[in-house]
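Notes for the one structure printed next.
The shown structure was predicted, so the numbers you read here are calculated from the model rather than taken from an experiment. Order of the sequence lines fixes the chain letters, A, B, ..., with proteins taken first and strands second; residue numbering starts at 1 for each chain.
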2 protein chains.
Amino acid sequence: MAKYSDIANEMRRRIQRGEYDSNYPITDEVSLTKEFLCSRMTVKKALDILVAEGLLYRKRGHGTFIVKSAKEEKLVNVLNNENVGLTKLIGAEHVESVIIGFDIQFPSQEVAAHLSIDLQTPTYHIIRLRKWHGEPYVLERTYMPATIIKDLTKEILKGSIYDHITETLGLTIGGAHRKIRADKPGELDQEYLHCAANDPILEVEQVAYLNIGMPFEYSFSRHRYDKFVFKTVIIQR
Amino acid sequence: MAKYSDIANEMRRRIQRGEYDSNYPITDEVSLTKEFLCSRMTVKKALDILVAEGLLYRKRGHGTFIVKSAKEEKLVNVLNNENVGLTKLIGAEHVESVIIGFDIQFPSQEVAAHLSIDLQTPTYHIIRLRKWHGEPYVLERTYMPATIIKDLTKEILKGSIYDHITETLGLTIGGAHRKIRADKPGELDQEYLHCAANDPILEVEQVAYLNIGMPFEYSFSRHRYDKFVFKTVIIQR
DNA sequence: GAGTGGTCTAGACCACTGG
DNA sequence: CAGTGGTCTAGACCACTCG
């Protein structure tokens, strides 16, 4: 783990435990340099992470401050734009997956294009319903090239695909590109998410990449509108 | 303007004009160092911006590559998570604002909390419909403290509030925090956005900050679901 | 081994703020 | 003025990939 990650984690912990008075700036960068025995660039990079997470903001000439609203918000259905991961987000304990469809097909033009594969590459086609505390939460339609993500089984799908990728296959997940939109519910949504014919859906379309830049997942996650908020932080440059 | 911004702008221009073959890595960081006569940290910071914009990705040990899908996408209704700004996004030419409500009130508890003001601070309460090419596009409900954003008039509201803030008032806009959700249409939505009773709405709740960390806007932007996609890039650390 | 990006250092100067 | 964050330098070593 990089030093700046360690420092970011430590500072995040302190902020969330209330070890800094949120009415005053936190310890300045030069002092943190001395505390963590590193250069100022490293401290800055660590704090950059917390700024991107919406936990801190900076005032030039003043200092670095805690975003007050951020400390309170420990809401349930919240996603920020940092992590790729699904089970991780709300903790695996109360999450349950129902497999609605699982087969292997040749990809459509659209799927092939998003996964950067050709039309002859066998591709998993997965439809899963994720429940949380027994309540339907999100309906996922996922495409993955079988050449990259090998040996998928129903057993794995009941748990976390991401664990299988990182732990069993030893691959490292890189970033992702997402598009978020509202949509009308389809038949599948109504059936599995138990939503009414006029309940909106919040859809997240995602292409996820391995650290080597290769796309490994093209997916559409359809969320109940009353159980999902997507959070993001804009940093001006 | 900072040097890394200039480099990022130049590289963005080159990528979009197709000056690099997207099947091969772009010029490596050390060579860019020599071309732009700067240190490697500065080149890296410039490329970081383009990675965050989803234009580039890096492969350690290989090089930096162009995201192919990014170059094609010059879609209409696209927002990324970098800029604060509304008129800027799609160009002011074909944008038109209809003022539906404009008055000054004491804030509610909720508004006061989000703007970090007390209940005695007079606050603008604005409802605007934004049209693009004559078509209703987004319905905005905005709260701004009259102590910070002074001298608002209907004339200003017909154009860009952001121009007024930055140019007339001489303030600098910092970042923003957003929450994105789907919602059912209300009466106002149906009336002004011309949407049907079961057309979903994509709502963006935003608290925007000045560069000095003070919130100046709390707003709810309600978009037609068929005209708006929110894009975001996740970078794994 | 050579080439790539990832991290880190120990400084430096600048821009902005307050007193 | 001193103190803050913003930018930048000119190196260094590491981790990873390829041939």
Whole angstrom value for the distance that separates P of C/dT4 from CZ of B/Phe65: 11 Å

Round to the nearest Å and state the distance from A/Lys45 atom NZ to D/dG5 atom P. 19 Å

Residue mapping more 5' on DNA chain C - nearest nucleotide basis, A/Lys3 or B/Lys59: B/Lys59

Strictly below 4.0 Å: does B/Thr64 bring a side-chain N or O up to OP1 or OP2 of C/dG5? yes

With DNA chain C as reference, determine whether B/Thr27 or A/Thr42 sits nearer its 5' end, using the nearest nucleotide of each. B/Thr27

Just how far, in rounded Å, is P of D/dT4 from OH of A/Tyr57? 17 Å

Taking the six-membered ring for Trp and the single ring otherwise, decide whether the centroids of A/Tyr218 and A/Phe216 are under 6.0 Å apart. no

In this structure, how many angstroms lie between the C1' atom of C/dG3 and the CZ atom of B/Arg58, rounded? 16 Å

Does B/Thr123 use its side chain to pair, donor to acceptor, with the backbone of B/Thr121 at less than 3.5 Å? yes

In whole Å, what is the span from the CG atom of A/Leu56 to the P atom of D/dT4? 16 Å

So do A/Ile26 and A/Arg14 actually touch side chain to side chain, heavy atoms under 4.5 Å? no

Please work out if A/Lys44 contacts a base, only the sugar-phosphate, or nothing of the nucleic acid, heavy-atom cut-off 4.0 Å. base

Is the backbone N or O of A/Val207 less than 3.5 Å from a side-chain atom of A/His177, with the two atoms forming a donor-acceptor pair by type? no

Apply the side-chain contact (heavy atoms from CB on, under 4.5 Å) test between A/Glu217 and each candidate in A/Tyr143, A/Tyr124, A/Tyr162; give the one that qualifies. A/Tyr162

Please state whether the phosphate of D/dT7, meaning OP1 or OP2, lies under 4.0 angstrom from any side-chain nitrogen or oxygen of B/Tyr4. yes

Under 3.5 Å between N/O atoms: give me all the protein pairs with nucleotides 16-19 of chain D, atom names plus distance.
unit_1 : atom_1 : unit_2  : atom_2 : d
D/dT17 : O3'    : B/His62 : NE2    : 2.8

Got a sec: does the CD of B/Glu19 have more than 12 other heavy atoms crowding it under 6.0 Å? yes

Rounded to the nearest angstrom, tell me the gap between atom CE in B/Met41 and atom C1' in D/dG6. 13 Å

Would you state whether a donor and an acceptor, one from the side chain of B/Arg40 and one from the base of D/dG11, lie under 3.5 Å apart? no

When the distance from CG of A/Leu37 to P of C/dA10 is rounded to whole Å, what number comes out? 10 Å

Inspect the contact between B/Arg58 and B/Asp48 and indicate whether a charged nitrogen and a carboxylate oxygen are less than 4.0 angstrom apart. yes

Whole-Å distance between C/dT17 P and A/Asp28 CG? 18 Å

